[in-house]
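Here you go, one structure.
As the structure lists them, so they are numbered: ligands from 1, and atoms in each ligand from 1.
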Amino acid sequence: MKKLPAKSVNSLPNLIREVGTRGASIPGFRSLAIGNPAAAAIPVETIREAAREVIEGDPMLIMQYGPANGYEKLRQLTVERLREVKHLSSENQEILMMCGSGQGLGLFPRTICEEGDEVYTDEYAFTNALNGIRNAGCKPVGIPMDEEGMIPEALEKAASSGKGKYIYVIPNFQNPTGITMSLERRKAVYEIAHKYDLYIYEDDPYGELRFKGEDIPTIKSMDVDDRVIYAGSYSKILSAGLRVGYLFGNAGLIKVMQTVKNGSDGQSLPMLTQLVVYNSLKKLDMQSYIQEICKLYGKKCEALLRGLKRTCAGDVRILEPEGGMFVWMILPERIPVEEYFEKCLENAVGVVQSKAFAADQNHPGNCVRLNFTFLPEEELERTGEIIGRLTK
Ligand SMILES: Cc1ncc(COP(=O)(O)O)c(C=O)c1O
């Protein structure tokens with residue numbers, strides 16, 4: 001093989017997959033590593049019925065090429081939901097359906113960035129977003145965060161380099177830290193983007209999974225000069241396996257992204273899955289169905305926290321989320337995260353070390369991410385107790 005460019009081989013290691021591989025040979029292994037929705041949160045019967053209707057319906061609708069920007073009825077329904085649920089105006093905006101919202105994480109930098117551009121992210125951010133930035137030949141610059149999210153002063157200091165192209169944020173129940181960005185922070189981040197003429201990529205796959213506190217307006221809802229691209233997903237509220245997500249933003253920019261997307265994936269989102277999602281959405285009362293998921297996740301999160309709090313050492317900090325799928329545990333210096341990770345595995349529990357999410361790999365942090373949506377409630381409490389005890 002010829003030498004490949006650094007942008008292609010500099011991806012972060014997939015530590016989450018590594019946990020799965022190592023756990024596979026451990027009897028009774030319980031994983032808090034994987035970010036999967038609960039099986040009980042997937043409306044299997046509705047999706048099965050929706051799929052049957054699609055397959056037995058108009059065959060040419062699913063067996064021919066579809067529109068490059070997505071199935072029209074699903075696009076319209078998604079924009080309606082954005083208007084109703086997120087209060088987003090669709091004036092001069094367009095929507096591009098994608099193969100999971102994750103597809104946008106690579107597509108966006110590939111479309112708007114030159115090699116060498118900086119992208120400002122939380123100091124710990126979703127691994128695939130960091131890889132998408134790196135694979136476009138750009139540099140993710142991690143911005144320190146506190147319990148309200150990215151710190152504006154630090155963001156402004158970084159942005160003053162003049163090399164930035166966009167800010168990547170997950171304002172609701174951030175992956176990996178579970179932190180929700182306060183309204184003041186959202187406004188401050190938007191103002192800095194305006195001052196330094198940066199785009200904002202607002203990644204919101206968990207936004208509807210709030211089980212505590214009040215909804216906070218999206219950054220997109222403050223977007224008076226079309227600099228925010230909003231990424232949404234049906235993975236966490238319907239089914240991750242159907243792989244349907246979308247980007248919503250300035251019509252001209254979305255059109256260019258659609259062309260770039262087609263140039264690399266040849267219209268990868270099947271009509272079949274888009275129609276199944278559309279039919280399922282039509283069949284479900286989404287509001288009450290999502291309320292049920294939130295109730296379930298709230299209880300699961302409490303179970304994990306109950307277990308942890310019962311046994312954890314006093315010098316461990318646990319960030320309690322108001323929604324989403326993750327709890328963040330900040331370990332004191334006396335517990336090196338690599339050793340803690342191995343101890344957890346020895347006790348048949350999988351967790352993810354913070355280095356999997358570190359924008360700056362020279363500062364991997366001393367924290368772990370814990371998922372609370374996948375395991376059953378009873379197991380979560382017990383698992384929390386086990387890994388809490390290990391901190392002593
Ligand atoms: C922050 C964030 N963005 C995007 C995604 C991608 O979701 P999907 O491609 O399933 O829509 C995920 C998935 O876990 C995520 O955590």
Any residue meeting ring pair (Phe, Tyr, Trp, His ring centres under 6.0 Å) with Tyr230, in chain and number order, not counting sequence neighbours: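 Testing Tyr230 for ring pair (Phe, Tyr, Trp, His ring centres under 6.0 Å), a comparison that skips the adjacent residues, returns none.
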Can you name the side-chain contact (heavy atoms from CB on, under 4.5 Å) partners of Ala358, sequence neighbours left out? Tyr124, Gln361
Donor-acceptor pair, distance only, cut-off 3.5 Å: does the side chain of Ser101 make one with the backbone of Ala231? no
With hydrogens left out, which residues have an atom under 4.0 Å from ligand 1, given that only heavy atoms count?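 Those residues closer than 4.0 Å to ligand 1 by some heavy atom are Gly100, Ser101, Gly102, Phe126, Tyr168, Ile170, Asn175, Asp203, Pro205, Tyr206, Ser233, Ser235, Lys236, Arg243.
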Let me confirm one number: the CG-CG distance from Asn175 to Asp203, rounded to the nearest 0.5 Å.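 The distance works out to 9.0 Å.
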All ring pair (Phe, Tyr, Trp, His ring centres under 6.0 Å) counterparts of Phe248, not counting sequence neighbours: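 For Phe248 there are no ring pair (Phe, Tyr, Trp, His ring centres under 6.0 Å) partners, ignoring immediate neighbours.
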Would Arg369 and Phe326 count as a cation-pi pair here, with the cationic atom under 6.0 angstrom from the ring centre and within 45° of the axis? yes
